[in-house]
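Order of listing sets the numbers, starting from 1, for every ligand and every atom in it.
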Amino acid sequence: MDKKRVALVTGSTTGIGLSIASRFAAKGYDVAINSFEPEQAVSAALHEVAASGATVRYFQSDLAESGGGFDLVGDVIAAFGQLDILVNNAGVQKVAPIEEFPPHDWHRIVAISLDSAFHTIRAALPGMTTRGWGRIINIASAHGLRASPFKSAYVATKHAVVGLTKTVALETAEKGVTVNAICPGYVWTPLVAAQVADQARVHAMSEEQVMREIFLAPQPTRQFVQPEEIAEMAAYLCGDLARSITGTAISIDGGWTAK
Ligand code: NAD
């Protein structure tokens with residue numbers, strides 16, 4: 001069993017975040033999960049993460065709000081006494097040509113994925129550096145390394161998250177803290193499943209056609225990544241043998257960025 005650690009995973013009531021939180025709980029970490037919803041709405045996620053018997057608590061915080069991430073980390077530290085592992089996972093998507101891109105959605109995407117990571121990191125680092133151990137994992141995307149049309153806010157934000165990752169890694173390199181980005185290709189989550197169904201309706205195609213011809217077109221394996229694959233990498237990065245992995249953008253994308 002690993003040393004007892006306290007982990008916060010933002011946006012962890014569905015999809016990738018839920019999978020990471022569950023993997024951490026299975027490792028015996030104390031886990032803080034989060035979303036913007038009231039606790040009654042996320043009881044299924046809370047039970048799923050707590051199934052292994054770990055201590056799990058839910059923290060409602062809307063990361064679209066300025067400084068929300070800073071207060072969230074403060075609340076987690078107040079509840080658990082410290083924070084050792086921070087995973088910035090919360091993220092949202094909007095697809096539109098740039099001249100039609102609603103400014104409100106631009107700001108929301110930047111706030112939830114990039115601004116919140118800045119605020120959670122600046123709140124979490126002092127404790128980590130004082131104790132000489134910490135892990136920060138930012139869930140970026142293949143879109144942190146490559147562009148696609150009609151996703152200007154998402155692609156710009158995820159590229160910025162990779163830049164933030166590298167910068168903080170350099171600032172903390174001698175302090176026992178590692179900072180890495182994981183860059184998934186398309187991962188099979190409820191978010192993606194809903195998009196597949198939408199596109200099938202819009203294009204009058206079968207869901208299988210939409211998956212293969214639209215979603216999996218840039219992913220050479222022609223298979224969705226599973227959330228558990230991301231969770232396993234996050235768990236590995238938290239181990240002591242991953243102490244020299246810092247400042248990287250780790251692709252789990254079925255070969256997308258090899259092209
Ligand atoms: P998801 O929609 O299943 O989960 C997103 C989580 O973020 C949910 O728990 C939701 O409640 C939370 N969230 C949304 N808005 C929030 C807010 N304002 N404040 C707090 N929490 C909020 O999405 P997912 O597919 O699991 O994606 C998770 C992360 O992985 C995102 O950063 C996404 O960009 C990234 N990613 C996903 C894919 C993919 O194909 N699914 C690929 C690459 C990267």
Above 12 or not: heavy atoms from other molecules or residues under 6.0 Å from [atom1] of [X]?
| X | atom1 | result |
| --- | --- | --- |
| R57 | CZ | no |
| R131 | CZ | yes |
| I98 | CD1 | no |

Would V9 and I136 show up in the same hydrophobic cluster when neighbours are defined by side-chain heavy atoms closer than 4.5 Å? no

Applying side chain to side chain donor-acceptor pair (under 3.5 Å), can you list everything that pairs with T165, at least two apart in sequence or on another chain? N138

What are the two closest heavy atoms between L63 and G68, and how far apart are they? CD2-C, 4.0 Å

Neighbouring residues of ligand 1, heavy-atom cut-off under 4.0 Å: G11, S12, T13, T14, G15, I16, N34, S35, F36, S61, D62, L63, A64, N89, A90, G91, V92, I112, I139, A140, S141, Y154, K158, P184, G185, Y186, V187, T189, L191, V192

